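Keep in mind that what you see is a predicted model, and the values were worked out from it rather than measured. Any value given below was found using the heavy atoms of this structure, including those in side chains, with hydrogens, waters and symmetry copies removed.
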There are 2 protein chains.
Amino acid sequence: MTEKRGPYRRTAERRREILDAAAAVFAESGYRAGSLKDIAARVSLDPSSLLHHFGSKRALLEAVLADKIDRDATALHWDDRVPPEQYPAALLRLAERNAGNPGGIGLYSVLAAESITTEHPDSFRDRHAQTREAFTEGFAAMADAGLLREGVDPASAAASLFALWDGAQTHWLIDPDAVDVVALLRAHLRLLTTVSL
Amino acid sequence: MTEKRGPYRRTAERRREILDAAAAVFAESGYRAGSLKDIAARVSLDPSSLLHHFGSKRALLEAVLADKIDRDATALHWDDRVPPEQYPAALLRLAERNAGNPGGIGLYSVLAAESITTEHPDSFRDRHAQTREAFTEGFAAMADAGLLREGVDPASAAASLFALWDGAQTHWLIDPDAVDVVALLRAHLRLLTTVSL
DNA sequence: GTCTATATGGAGATAGAC
DNA sequence: GTCTATCTCCATATAGAC
């Protein structure tokens, strides 16, 4: 579908640039406060040119979300090749990578909170459902291997890990010195599972 | 300081009314999108009258936060009269009360996320520090009574409970059917402590 | 595809009458 | 204390030239 060359190539690149800029601005300023002007400035365009590509600010947001959900899904999805006993460690590595990347973290904390209030894009529920499901698969594999603690079931382990992760990220953004996201996740995974971390 | 009667009595009441309305609107719509017009409409006033009382929208937000932090502090603060073994149950009761009161929940999820991006009011760091401290005191009392699980320390238990709570509330707001805040907290408290719940 | 110019709307804030 | 009227600013979006 997407041409590698030809007349649409530059356009596709432009859209990519705009998506990235928009994600960054929305992450920093939220949806409402993040203006087309800000986004346009980052890609050295006029706001009206953004609208030429995406039609409306709302549509741009949806495109950003769809794009991010896509990427996150592949990043989080349970990989059968990872042995269950290494799943917790893999999660922690992912958390460590995120920790060095505040911009990426911010997008969801900010937009999620805003989406609660505004018109809820289904995208959000979808993303959350996908993430929970990905975690559930991982914990289910651990359960099969007998690596979960007594009384811990995969679905609720997944929900609590996800909630703790998001909550800790948000708290970290508010007060970086007071919260250690990776440490909290490690402690939580120690309680949920019997693997040593 | 505050008069029970006299010329300032009605004014104090008005300020209360406005604070409550502002808290509700900010919780629903966020700070930026929550307009003075919306708030004014709830108390049947003109936006300019709000500004007469609080000077600016920003000042109104600060007043709302100060008020809420005040109330929350008293609600969450560790009460010496509660025996440590009943602390987890007391937390769950508080969570249950909050669960029936989405408006109250929303204020912080929304504003916290927004504050990350915007100018950070110190109020937020303060509120978080206070809350973490309150939880830490509760868990410390439990630790003294030997009710925490092996390897769980009060400070990190407090941080993880707080993060999980906020995260779960946010997730619940996004998809109420998919998340049970109280159940997640109960499961978490079971892992942190040795009391039965 | 990108720009300039413009339409339109809503926000927060101020001045001043009552 | 509350209102009306007004100011100023900045947003999204559109029209049309290049």
Side-chain angles (χ1 to χ4, degrees), chain A residues 2-3 5-26 28-65 110-111 114-115 117-119 121, chain B residues 2-3 5-26 28-65 110-111 114-115 117-119 121:
Chain A
T2 316
E3 315 284 345
R5 8 179 304 166
Y8 295 136
R9 208 195 125 206
R10 279 294 308 162
T11 298
E13 277 177 19
R14 266 287 190 232
R15 284 180 58 102
R16 250 271 59 81
E17 286 169 24
I18 294 169
L19 283 177
D20 290 341
V25 167
F26 289 153
E28 281 174 30
S29 310
Y31 173 63
R32 316 215 200 206
S35 67
L36 294 177
K37 196 180 159 198
D38 294 345
I39 300 166
R42 297 208 185 197
V43 290
S44 303
L45 280 179
D46 190 85
S48 61
S49 300
L50 266 56
L51 293 173
H52 167 76
H53 285 286
F54 290 94
S56 73
K57 187 190 185 184
R58 181 85 209 167
L60 175 56
L61 172 65
E62 299 285 357
V64 167
L65 287 175
V110 174
L111 290 187
E114 252 182 342
S115 87
T117 75
T118 332
E119 334 80 88
Chain B
T2 316
E3 315 284 345
R5 10 178 301 167
Y8 296 135
R9 209 198 123 203
R10 279 295 308 163
T11 298
E13 279 177 18
R14 267 287 191 233
R15 284 179 59 102
R16 249 270 60 79
E17 287 169 23
I18 295 170
L19 284 178
D20 291 340
V25 167
F26 289 153
E28 282 174 28
S29 311
Y31 173 63
R32 316 217 200 205
S35 68
L36 294 177
K37 197 180 160 198
D38 294 344
I39 299 166
R42 298 208 183 198
V43 291
S44 304
L45 280 177
D46 190 85
S48 61
S49 299
L50 266 55
L51 293 172
H52 167 75
H53 285 286
F54 290 94
S56 73
K57 188 189 186 186
R58 180 87 211 167
L60 175 56
L61 171 65
E62 299 285 358
V64 167
L65 287 175
V110 175
L111 289 187
E114 244 180 350
S115 88
T117 74
T118 333
E119 332 81 88

Side chain to side chain contact (heavy atoms under 4.5 Å, CB included) evaluation trace for B/Ile18 with B/Leu45: CA-CA 9 Å; B/Ile18 295 170; B/Leu45 280 177; 4.2 Å; yes
Is there a side-chain contact between B/Arg14 and the phosphate of D/dT2, meaning an N or O under 4.0 Å from OP1 or OP2? yes
Does OP1 or OP2 of D/dT2 have a side-chain N or O of B/His53 closer than 4.0 Å? yes
Mind checking [X] for me? I need base, sugar-phosphate or nothing, with any heavy atom below 4.0 Å counting as a touch.
{"X": "B/Ser48", "answer": "base"}
{"X": "A/Leu36", "answer": "sugar-phosphate"}
{"X": "A/Ser49", "answer": "base"}

If you assign A/Asp38 and A/Gly55 each to the DNA chain D nucleotide with the nearest heavy atom, which residue ends up on the more 5' nucleotide? A/Asp38
Taken to the nearest whole Å, CG/B/Asp46 to P/D/dT6 is 14 Å
Integer-rounded Å distance: D/dT4 P and B/Leu51 CG: 15 Å
Should B/Leu60 and B/Ile39 be marked as a side chain to side chain contact (heavy atoms under 4.5 Å, CB included) after you check the CA-CA gap, both sets of side-chain angles, and the distance that decides it? CA-CA 11 Å; B/Leu60 175 56; B/Ile39 299 166; 4.0 Å; yes
Tell me, please, which residues at least two apart from A/Arg14 pass side-chain hydrogen bond (donor to acceptor under 3.5 Å, both in side chains). A/Glu17
Inspect the contact between B/Asp20 and B/Arg16 and indicate whether a charged nitrogen and a carboxylate oxygen are less than 4.0 angstrom apart. yes
